[in-house]
K.L.:
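What follows is a single structure, and I will ask about it in a moment.
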Amino acid sequence: MVDERTDLYLAGSWVTAATRERLPVHDPNSEELIATVPGGTAADVDRAVAAARAAFDGWADTAPQTRAACLRRLHTALTARTEEITHTVVREVGTPLRIAARVQVGLPLTVLAGYVELAAQPPRPETVGNSLVLREPAGVVGAITPWNYPLHQMMAKLAPALAAGCPVVLKPSELTPLVAYLLFEAIDEAGFPPGVVNLVTGTGPEAGAALAAHPDVDVVSFTGSTAVGRHICHLAADRIARVTLELGGKSANVILPDADLPTAVRVGVGNALLNSGQTCTAWSRMLVHRDRYAEAVDEAARVADGYRTGDPFDPRTRLGPLISATQRDRVRRHVERGLADGGRLVAGGPDAPLPERGWFVAPTVIADVDPDAHLAQEEVFGPVLAILPVDDDEHAVAVANNSRYGLAGAVWSADEERAVRVARRIRTGMVDINGGAFNPLAPFGGYKQSGLGREFGTYGLDEFLQTKAIQR
Ligand code: NAD
């Protein structure tokens with residue numbers, strides 16, 4: 001049955017969209033149409049921003065404990081919907097069930113719980129000489145999010161913005177709007193004051209661009225591709241609006257010769273293939289010292305070949321489909337280009353068997369990739385790992401930094417100090433050593449063309465605060 005949504009969430013209620021246009025939502029595993037949602041227009045965005053603007057003074061002045069209580073009720077309402085949200089994410093994104101519950105639902109709930117705490121303890125005024133330095137809500141936030149971890153990316157913006165005292169207009173990805181509807185059902189139940197949180201669905205070029213360019217939006221918080229991020233920056237520049245950008249990556253997993261190689265390769269392949277490789281922080285380049293290169297290539301091929309591809313609802317599945325036929329075709333072209341440029345196919349590839357239906361690409365490993373080649377430079381956003389040999393630590397750092405991106409990365413070594421030395425020289429916002437766990441309170445964001453600003457913890461809160469000095 002096709003779920004036909006005609007409503008948007010504006011000024012505290014579900015209202016019929018001004019537009020009659022409907023956008024299709026597909027299940028990438030069955031390729032079936034599962035829902036339609038409004039293709040919001042600039043008129044819908046105007047209504048939403050006006051509601052947020054009207055709510056600004058009240059929400060900014062609301063006591064921190066009251067804001068924290070609203071976020072706590074949201075946490076409770078979302079927790080009660082865990083199963084439905086998990087099911088919906090698996091259906092509209094294609095993330096295998098066995099990881100969706102933890103990564104797609106558990107993680108955003110953890111992030112929200114963190115901001116319940118932070119909302120209750122706002123930054124204290126500071127005295128600097130004769131000045132009183134205050135942190136104040138930055139204004140109305142326009143949040144634009146992608147499809148790969150939809151609830152997580154919405155939460156990374158909504159929770160800190162609301163905790164800081166800023167009303168929000170959210171424009172989720174048109175490919176995965178159904179989780180946003182569940183989030184807003186929970187928001188409605190949590191009882192935020194009208195206009196504090198608003199939802200406009202629609203395409204990027206229409207609703208997204210209208211939001212980013214809106215004169216009454218003070219902060220644009222965007223997660224998505226570097227190309228669209230650049231465009232958002234231009235739109236915001238006209239009015240000097242603040243912009244936070246979480247963009248693409250081409251992260252390097254550096255395996256030093258003294259590393260526990262089987263673990264480094266197994267975790268590295270798993271990271272590159274997580275969510276079918278549709279992860280901005282994916283370690284899509286594996287850099288291995290020549291002494292252990294052949295061993296690493298064999299192991300990576302073995303691990304990737306062991307990934308079971310198929311129906312994401314099947315608990316045995318480890319690799320689901322890609323989000324769309326367009327994305328699948330794009331990934332296939334990257335693989336063909338990687339092979340044409342001299343890469344050596346060691347797992348998967350264009351002729352590997354696939355399920356009959358669904359937008360799948362087989363888990364693919366390509367060795368001997370030149371550091372300047374297309375496959376080492378471009379973000380693939382699919383289940384494709386490039387392996388590159390390196391001569392020593394110095395060369396590993398040079399190859400890791402040979403990228404216009406600077407999001408994440410990893411270093412593996414038996415000697416933690418050596419790993420830290422290498423990690424410090426890698427020009428990215430995040431580096432994990434020997435499989436260090438994701439920390440939802442640590443700053444998340446990129447150097448170079450991977451973004452501007454940081455999400456999560458107090459660093460994420462800072463993006464939604466202005467600083468004022470009062471001299472006495
Ligand atoms: P995308 O840039 O195509 O779309 C992201 C969002 O921007 C969507 O809501 C889309 O509707 C909107 N958009 C598109 N064109 C727009 C325009 N002209 N004006 C305003 N908004 C517009 O990205 P995607 O395909 O949804 O996501 C994949 C990309 O996101 C990858 O490059 C990935 O690396 C990146 N990403 C980055 C992070 C991070 O935190 N760094 C996290 C997830 C994804």
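Bear in mind the structure is a predicted one, so any value in this text is a computation, not a measurement. Along the sequence shown, the residues carry numbers beginning at 1.
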K.L.:
Salt bridge between Asp218 and Arg242, side-chain N to carboxylate O under 4.0 Å?
P.N.:
no
K.L.:
Backbone N or O of Leu407 within a donor-acceptor pair of the Lys250 side chain at under 3.5 Å?
P.N.:
no
K.L.:
Looking at Arg266 and Glu299, is any side-chain nitrogen of the basic one under 4.0 Å from a carboxylate oxygen of the acidic one?
P.N.:
no
K.L.:
Nearest 0.5 angstrom please: Leu247 CG to Leu452 CG, how far?
P.N.:
7.5 Å
K.L.:
Considering non-hydrogen atoms only, spot the tightest contact between Pro160 and Ala156 and give its length.
P.N.:
CG-O, 3.1 Å
K.L.:
Between Arg333 and Glu378, is there a side-chain N and carboxylate O pair less than 4.0 Å apart?
P.N.:
no
K.L.:
Treating Gln377 as the side-chain partner and Pro371 as the backbone partner, does any N or O pair qualify as donor plus acceptor under 3.5 Å?
P.N.:
yes
K.L.:
Would you give me the side-chain donor-acceptor pairs under 3.5 Å for residues 83-90, sequence neighbours excluded?
P.N.:
from: Thr86; atom 1: OG1; to: Thr82; atom 2: O; distance (Å): 2.7
from: Thr88; atom 1: OG1; to: Glu84; atom 2: O; distance (Å): 2.7

K.L.:
Can any side-chain N or O of Arg292 pair as donor or acceptor with the backbone N or O of Pro257 at less than 3.5 Å?
P.N.:
yes
K.L.:
Can you see whether Tyr405 engages Thr428 through a side-chain donor-acceptor pair at a distance of less than 3.5 angstrom?
P.N.:
no
K.L.:
With distance as the sole test, does Asn198 use its side chain to make a donor-acceptor pair with the main-chain N or O of Val168 at under 3.5 Å?
P.N.:
yes
K.L.:
Testing Asn253, Thr263, Asp432, Asp260 one by one against Trp412 for a side chain to side chain donor-acceptor pair (under 3.5 Å), which residue passes?
P.N.:
Asn253
K.L.:
Backbone N or O of Asn275 within a donor-acceptor pair of the Thr95 side chain at under 3.5 Å?
P.N.:
no
K.L.:
For the backbone of Ala143 and the side chain of Lys171, can you confirm whether one donor and one acceptor N or O come within less than 3.5 Å of each other?
P.N.:
no
K.L.:
Would you kindly say whether Arg427 and Tyr447 are connected by a side-chain donor-acceptor distance under 3.5 Å?
P.N.:
no
K.L.:
Salt-bridge test for Arg5 and Glu185: reply yes if a basic N is under 4.0 Å from a carboxylate O, no otherwise.
P.N.:
yes
K.L.:
Is it the case that more than 12 heavy atoms not belonging to Glu295 sit under 6.0 Å from its CD atom?
P.N.:
yes
K.L.:
Give a yes or no on whether the backbone of Gly40 and the side-chain of Glu21 come within a donor-acceptor separation of less than 3.5 Å.
P.N.:
no
K.L.:
Would you say Leu375 and Arg337 make side-chain contact, with heavy atoms under 4.5 Å?
P.N.:
no
K.L.:
Quick check against the 3.5 Å criterion: does Thr364 have a side-chain atom that pairs as donor or acceptor with the backbone of Gly349?
P.N.:
yes
K.L.:
Could you tell me which non-hydrogen atom of Ala301 sits nearest to which non-hydrogen atom of Val346, and how far apart they are?
P.N.:
CB-O, 3.4 Å
K.L.:
Identify the two heavy atoms, one from Lys157 and one from Thr223, that lie closest to each other, and give their separation to 0.1 Å.
P.N.:
NZ-OG1, 2.8 Å
K.L.:
Before we go on, tell me: are the rings of Tyr115 and His75 under 6.0 Å apart, centre to centre?
P.N.:
no
K.L.:
Please check this pair: side chain of His289 against backbone of Asp291, looking for a donor-acceptor N/O pair closer than 3.5 Å.
P.N.:
yes
K.L.:
Do Pro321 and Pro312 touch side chain to side chain, with heavy atoms closer than 4.5 Å?
P.N.:
yes
K.L.:
If you measure only the distance, is there a donor-acceptor pair under 3.5 Å linking the side chains of Thr203 and Glu174?
P.N.:
no
K.L.:
Between Tyr293 and Asp368, do the side chains contain an N or O donor and an N or O acceptor separated by less than 3.5 Å?
P.N.:
yes
K.L.:
Which heavy-atom pair separates Tyr9 from Asp188 by the least distance, and what is that distance?
P.N.:
OH-OD1, 2.7 Å
K.L.:
So, for Pro177 and Thr201, which heavy atoms are closest and what is the spacing to 0.1 Å?
P.N.:
CB-CG2, 4.2 Å
K.L.:
Do we get Arg454 above Tyr459's six-membered ring, with its NZ or CZ under 6.0 Å from the centre and within 45° of the axis?
P.N.:
no
K.L.:
Indicate yes or no: does Asp258 engage Arg418 in a salt bridge with an N to O separation below 4.0 Å.
P.N.:
yes
K.L.:
If you compare all heavy atoms of Ala48 against all heavy atoms of Leu10, which two are closest, and at what distance to 0.1 Å?
P.N.:
CB-CD2, 3.5 Å
K.L.:
Looking at Arg47 and Asp44, does any basic side-chain N land under 4.0 Å from a carboxylate oxygen?
P.N.:
yes
K.L.:
Does Arg425 pair with Glu394 as a salt bridge, N-O distance under 4.0 Å?
P.N.:
yes
K.L.:
Could you walk me through whether Arg302 and Asp298 pass the salt bridge (charged side-chain N to carboxylate O under 4.0 Å, His left out) check?
P.N.:
CA-CA 6 Å; Arg302 195 187 63 76; Asp298 286 351; over 6 Å; no
K.L.:
Side-chain contact test, heavy atoms from C-beta onward, threshold under 4.5 Å: evaluate it for Trp359 versus Ile323 and give yes or no.
P.N.:
no
K.L.:
Picking from Thr309, Asp314, Val103, Thr317, what satisfies side-chain contact (heavy atoms from CB on, under 4.5 Å) with Pro96?
P.N.:
Thr317
K.L.:
Please check if any side-chain donor atom of Asn402 sits under 3.5 Å from a side-chain acceptor atom of Asp372, or the reverse.
P.N.:
yes
K.L.:
With side chains defined as the heavy atoms from C-beta onward, is the minimum distance between Arg230 and Ile232 less than 4.5 Å?
P.N.:
no
K.L.:
Within the side chain of Tyr181, is there an N or O that forms a donor-acceptor pair under 3.5 Å with the backbone of Asp7?
P.N.:
yes
